Amino acid sequence: MCADCGVGLVDELPEDIDPGAPVILCHTDHKETADKLVSYLRYGDLKTAAAIPAREEETGFHLVVAEFERELAENMFARFHSIDEITDMDPNELMPDVEKQLEELESEEASHMFSELRTEASSVYVKKKDKYADLKFSGISFLIFGMIGIGVVIANQLKMISFFNEFSMIIMAVVFVVFVGVGIASLIRARKLKNIVSEEERVTKEVMAWIDTNINDELIGTLIDSSLSEEDNYFSAHEKLCDMLIEQFPLFSRAYADQLMDERYNDYCERHE
């Protein structure tokens with residue numbers, strides 16, 4: 001027993017696990033099943049979910065995520081079955097529930113296709129660090145306004161002030177309780193997101209180092225076809241650059257890769273105008 005912290009001693013330290021390493025969640029023989037499972041996880045904001053061909057001695061496909069998103073993935077499947085892990089399960093058992101959930105999510109997305117969630121700005125990749133900061137700020141703001149409002153309603157009920165009649169007081173009480181609920185929910189989401197902010201920054205640092213070394217002006221120049229228009233060259237080169245990056249980092253967000261390669265290609269164009 002450790003004299004300082006009171007924790008039992010062990011014979012050896014646990015094996016270090018790379019948070020960015022891909023882990024296999026389950027195996028399926030059908031590509032369509034694997035793609036649906038990936039789509040379901042992507043709706044849960046898991047950026048590293050992917051379906052990869054099984055090893056040489058096996059057939060079919062593996063559903064994989066990065067280690068740091070493993071618990072989130074298992075929790076998404078655990079809502080259908082009370083299980084701790086899904087590695088020993090037949091994915092076909094999950095499909096009825098997954099397909100039903102996908103239909104609901106796709107229907108919800110379609111109903112919001114012209115809303116703020118589907119604007120051009122929302123399609124830009126948002127870093128986990130920025131998203132965490134936004135959620136934390138929103139959560140604290142809603143909590144503060146909600147608590148102040150509840151305090152005002154209580155003071156009104158105790159006749160310390162007289163701002164609202166009974167009906168208005170009920171409406172305001174409901175509104176402020178909702179504010180508190182939204183604030184708590186935002187802070188819970190922010191807390192979950194905080195766990196992967198540092199990992200995203202580490203992976204991004206590795207990706208940027210690889211880009212600086214490999215995606216240079218000489219390489220981009222080989223992708224330019226003088227017979228094509230400027231717009232066609234952009235789309236062609238941009239797609240090839242993104243494919244190169246994703247091939248090197250299969251679990252890296254495609255949206256983030258698009259953003260980085262767009263910046264790198266524009267920098268090249270500015271230097272060669």
Side-chain angles (χ1 to χ4, degrees), residues 17-113 115 117-118 122-126 128 131 189 192-193 195-196 199-200 203-204 207 239-261:
I17 299 177
D18 181 3
V23 293
I24 298 175
L25 293 176
C26 62
H27 171 272
T28 176
D29 292 327
H30 306 290
K31 184 67 164 59
E32 182 180 1
T33 298
D35 289 341
K36 287 183 178 180
L37 293 173
V38 170
S39 297
Y40 172 65
L41 293 178
R42 292 286 176 86
Y43 271 111
D45 204 28
L46 276 77
K47 304 299 185 183
T48 65
I52 62 174
R55 301 184 182 93
E56 294 182 0
E57 63 271 16
E58 297 177 310
T59 59
F61 299 86
H62 289 313
L63 177 66
V64 301
V65 295
E67 175 64 36
F68 69 91
E69 287 192 330
R70 178 177 185 171
E71 184 178 353
L72 294 176
E74 291 177 351
N75 287 340
M76 288 191 66
F77 288 115
R79 70 179 57 178
F80 303 133
H81 299 272
S82 298
I83 53 175
D84 295 327
E85 297 183 356
I86 66 167
T87 50
D88 296 329
M89 289 194 62
D90 180 359
N92 292 323
E93 297 179 12
L94 297 171
M95 289 313 297
D97 292 323
V98 169
E99 289 176 342
K100 180 180 178 180
Q101 187 69 22
L102 275 175
E103 289 179 0
E104 294 176 358
L105 291 169
E106 290 170 353
S107 176
E108 180 181 353
E109 182 180 42
S111 67
H112 291 87
M113 65 183 302
S115 71
L117 297 178
R118 303 301 297 169
S122 68
S123 65
V124 177
Y125 180 81
V126 179
K128 294 290 191 299
K131 192 172 182 179
R189 290 177 62 194
K192 292 180 179 179
L193 198 61
N195 296 330
I196 60 176
E199 180 57 28
E200 181 193 52
V203 173
T204 300
V207 171
E239 184 69 20
K240 292 176 182 178
L241 292 173
C242 289
D243 290 342
M244 291 173 61
L245 180 57
I246 294 301
E247 182 179 358
Q248 183 69 23
F249 300 94
L251 300 182
F252 195 65
S253 167
R254 180 76 188 197
Y256 201 3
D258 287 342
Q259 180 178 322
L260 293 176
M261 291 301 96

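Predicted model only: the values in this text are computed from it and were never measured. Computation of the quantities below employed the complete heavy-atom set of this structure, encompassing side-chain atoms and omitting hydrogens, waters and symmetry-equivalent molecules. Numbering starts at 1 and runs along the sequence shown.
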Would you say that V207 contacts L245 through its side chain, given a criterion of any heavy-atom pair below 4.5 Å between the two side chains? yes
Taking atom CD of Q259 and atom SG of C242, what is their separation to the nearest 0.5 Å? 11.0 Å
Any side-chain heavy atom of L260 within less than 4.5 Å of one from T204? no
Does the pair H27 and D29 meet the rule for a side chain to side chain contact (heavy atoms under 4.5 Å, CB included), with working shown? CA-CA 7 Å; H27 171 272; D29 292 327; 3.2 Å; yes
Please round to the nearest 0.5 Å and tell me the distance separating atom NZ of K36 and atom CD of E32. 4.5 Å
To the nearest 0.5 Å, tell me how far E69 CD sits from T48 OG1. 3.5 Å
When rounded to the nearest 0.5 Å, the distance separating CD of E247 from NZ of K240 is 14.0 Å
Starting at OH of Y40, measure out to CG of L63 and round the result to the nearest 0.5 Å. 11.5 Å
In this structure, are over 12 heavy atoms from other groups packed under 6.0 Å from E71 atom CD? no
Looking only at atom types and distance, does a side-chain atom of R70 sit under 3.5 Å from a main-chain N or O of V65, one as donor and one as acceptor? no
Taking the side chain from E67 and the backbone from V23, do they hold a donor-acceptor pair closer than 3.5 Å? no
Give, for atom OH of Y256 and atom NZ of K47, the distance between the pair rounded to the nearest 0.5 Å. 12.5 Å
I need the minimum non-hydrogen distance between A34 and F61, along with the two atoms involved. CB-CB, 4.1 Å
Mind listing the closest non-hydrogen atom pair of A51 and V38 along with its distance? N-CG2, 3.6 Å
